[in-house]
**Student:** 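The following block contains the structure, expressed as structure tokens.
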Amino acid sequence: MSVFIYFKVHFNGFWLTSVLFQAVCSLLSSGSLLIHVCFQIRLFGSVTIKTLVFPSETSDSYVEMVPLKPLQLKAFTLCMRLATELKGEREVILFAYRTGDYDELNVWRELDGRLSFYLSGDGVFFQVPELGALKTHLCVTWDSSSGAATVFMDGRKSLTKIYKKGHTIRAGGKVLLGQDPDSYLGDYDAKQSFVGEVCDVNMWDSVLPDRTIKDLVSGKRVQRGNVFDWETIQLKISGTVEVIHREL
Amino acid sequence: MSVFIYFKVHFNGFWLTSVLFQAVCSLLSSGSLLIHVCFQIRLFGSVTIKTLVFPSETSDSYVEMVPLKPLQLKAFTLCMRLATELKGEREVILFAYRTGDYDELNVWRELDGRLSFYLSGDGVFFQVPELGALKTHLCVTWDSSSGAATVFMDGRKSLTKIYKKGHTIRAGGKVLLGQDPDSYLGDYDAKQSFVGEVCDVNMWDSVLPDRTIKDLVSGKRVQRGNVFDWETIQLKISGTVEVIHREL
Amino acid sequence: MSVFIYFKVHFNGFWLTSVLFQAVCSLLSSGSLLIHVCFQIRLFGSVTIKTLVFPSETSDSYVEMVPLKPLQLKAFTLCMRLATELKGEREVILFAYRTGDYDELNVWRELDGRLSFYLSGDGVFFQVPELGALKTHLCVTWDSSSGAATVFMDGRKSLTKIYKKGHTIRAGGKVLLGQDPDSYLGDYDAKQSFVGEVCDVNMWDSVLPDRTIKDLVSGKRVQRGNVFDWETIQLKISGTVEVIHREL
């Protein structure tokens, strides 16, 4: 008896494929697995990424993120890694996308520690562990067709809430980290500003599978964001924001 | 030099084994590992399981679980995935097994957020992170011979407490999710009812190894419950309980 | 086409290497990966280690740990697994290293639940999830050259604080678990004593990479501590401390 081995190795986004892999293994995936063994290995080296540090409470420090495509969205997954020691009775803005008159998509830590997001109007709330000094991998997902809204913290998924079924997020605004604009790019409130570290902000125009989100948590860069991709993102920094580079 | 490869592939409970595996690898496991390489690979696809949603506080919504064998137990492991946003000064019943006159095995979230379980009498308490909107994989283990009682949350094990050494849980009762019966299948109290999502309730008549519990957390269905097996369980639903299907 | 397979198997600190691995795979690591496949597999069996249980609040129960080398340190990683149900307004000593007149390195749970450490003088504080009945894998790292101080809980890294840049920890003292000496091996305060379980206390004279710390959390004994190695450590027990053996 013989065992034939075909392999496909994925290293940080670059595929090394044995010549027979495509031919044989694509057959196998639609057929039966008998004596052929197809290895599809993903190797992940460490990645160095930029991290934004907001060292103190201000009303003028923020970072604008330039999207890869307009944010006309009927579904999204938004992920980031963040740590903040802000506590007590204080709101903290985590992500703000505003068009001329509307807060299209704002993500908040609420006064009482809950996480929330708002799509032009009332928000949806999740009672989760408090953000703190330990870095949290946070994802928010929403799908217009079902209205399903969830959050993930370090890969743990929340219960699902039904929110703004049928809604569409509008294109044409600006995305900021660090401040919540109460008018188009202005009227910032220091008491809502973000203080701490944030990095690896990625966004997709679809809801990623739970397993993909777990892979993201463990640093597997399986799928690059198609709305924001932190590895190639263009940032416009205003005020006092430090950019440091860390191994993920 | 040659390398001989024998493989055994486990896919969601179904083994694909190379003809030589049994012969060669069983020898190897009792001998020395030299140039033979035995792959025993477990593949886990995603599993779709039913989830129970208790949408609101009631005194009449519950689910009876039919066991695979009588609950005459000198040891057990009881696991479930759950999320609840109930908070504040309120007890929450997580699992209730009652015979005619006794609460044989009740699992609670206490007023102060601690987890506890009771084997006909006083309980044992664990100070753990609060349950919330994020789904928690919870296990409770107990062994009569040592009295060792522990809880696991998302695979993290608690310190061990000595509780009811020598005790035996009695057979012949009913197991409920959602309500705590203060008499045999009756006298429910809405203020103790469960509100939220619960699924993947499995029970074994032994204490599983820590590593097996970690495998369960990550969705590896390594060992089916022999008292309750959620994938095949028979449920009897009363009142307002929604059954939805989710990928684990 | 052929695939050549070379393997290197690591089992709990013991390497089984195919004769060609060294030759071929060392070439490969500096060259290109084409049709040779090098397996470097680490197998980890379960390990049984001793656990210290401090059953109650005392002013005379402690464990002295004998180091493998003097604690003259310009950098360190200190890790341990611990569980404690002490709560409320109470400080808890987690690790104390004192020379004649100085608390050279003390790790505390503060009154308000924060974790902190002190290098002869004011401390550095981290707002993290509360310690509780679930075992926490805790690491503290510090590097004199940058002053970078971080904590890790269950592999989650905190934000970095700059603390005591240029400082050196002095050799010649004693390391205790369970009590904080306010003079050299004396003046213990029961209200600061440790109550609960602690094990797997390891220390290195360098800052370990984040990934190594994640491996330690999951029980991979990839690198033994060179200041303290819990598997071989010499302990001197005073007062009421129980030593039990548990599978990790």
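The chains referred to below are lettered A, B, ... by the order of the sequence lines, with proteins before strands, and numbering in each begins at 1. The figures that follow rest on heavy atoms only: side chains count, while hydrogens, waters and symmetry mates do not. Keep in mind it's a predicted model, so treat the numbers as computed, not measured.
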**Student:** Less than 6.0 angstrom from the centroid, inside 45 degrees of the normal: does C:Lys50 satisfy that with respect to the ring of C:Trp230?
**Tutor:** yes
**Student:** For chain C, find which of B:Arg114, B:Lys214, B:Lys157 contributes the most heavy-atom pairs closer than 4.5 angstrom.
**Tutor:** B:Lys157
**Student:** Between C:Thr136 and chain B, which part of the residue has a heavy atom less than 4.5 Å away: side chain, backbone, both or neither?
**Tutor:** both
**Student:** Is there a donor in the side chain of B:Thr212 and an acceptor in the side chain of B:Asp215, or the other way round, less than 3.5 Å apart?
**Tutor:** no
**Student:** Assess whether salt bridge (Lys or Arg N to Asp or Glu O under 4.0 Å) is satisfied between B:Arg98 and B:Glu104, documenting all intermediate values.
**Tutor:** CA-CA 5 Å; B:Arg98 188 180 172 91; B:Glu104 293 289 343; over 6 Å; no
**Student:** If you count heavy-atom pairs within less than 4.5 Å of chain C, which of B:Asp210, B:Val151, B:Thr160 leads?
**Tutor:** B:Thr160
**Student:** Check whether B:Thr150 gets within reach of chain C through its side chain, its backbone, both or neither, counting any heavy atom under 4.5 Å.
**Tutor:**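 No part of it gets close to chain C.
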**Student:** Is chain B contacted by the side chain of C:Glu130, its backbone, both, or neither, given a heavy-atom distance below 4.5 Å?
**Tutor:**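 Looking at C:Glu130, nothing touches chain B.
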**Student:** Using 30° and 60° as the class boundaries, would you call the ring planes of C:Tyr188 and C:Tyr62 parallel, tilted or perpendicular?
**Tutor:** tilted
**Student:** In terms of ring plane angle, is the pair B:Phe117 and B:Phe126 parallel, tilted or perpendicular, where the classes change at 30° and 60°?
**Tutor:**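 Because their plane-to-plane angle is under 30°, the rings of B:Phe117 and B:Phe126 count as parallel.
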**Student:** With a 4.5 angstrom heavy-atom cut-off, which part of C:Ile244 approaches chain B: side chain, backbone, both or neither?
**Tutor:** neither
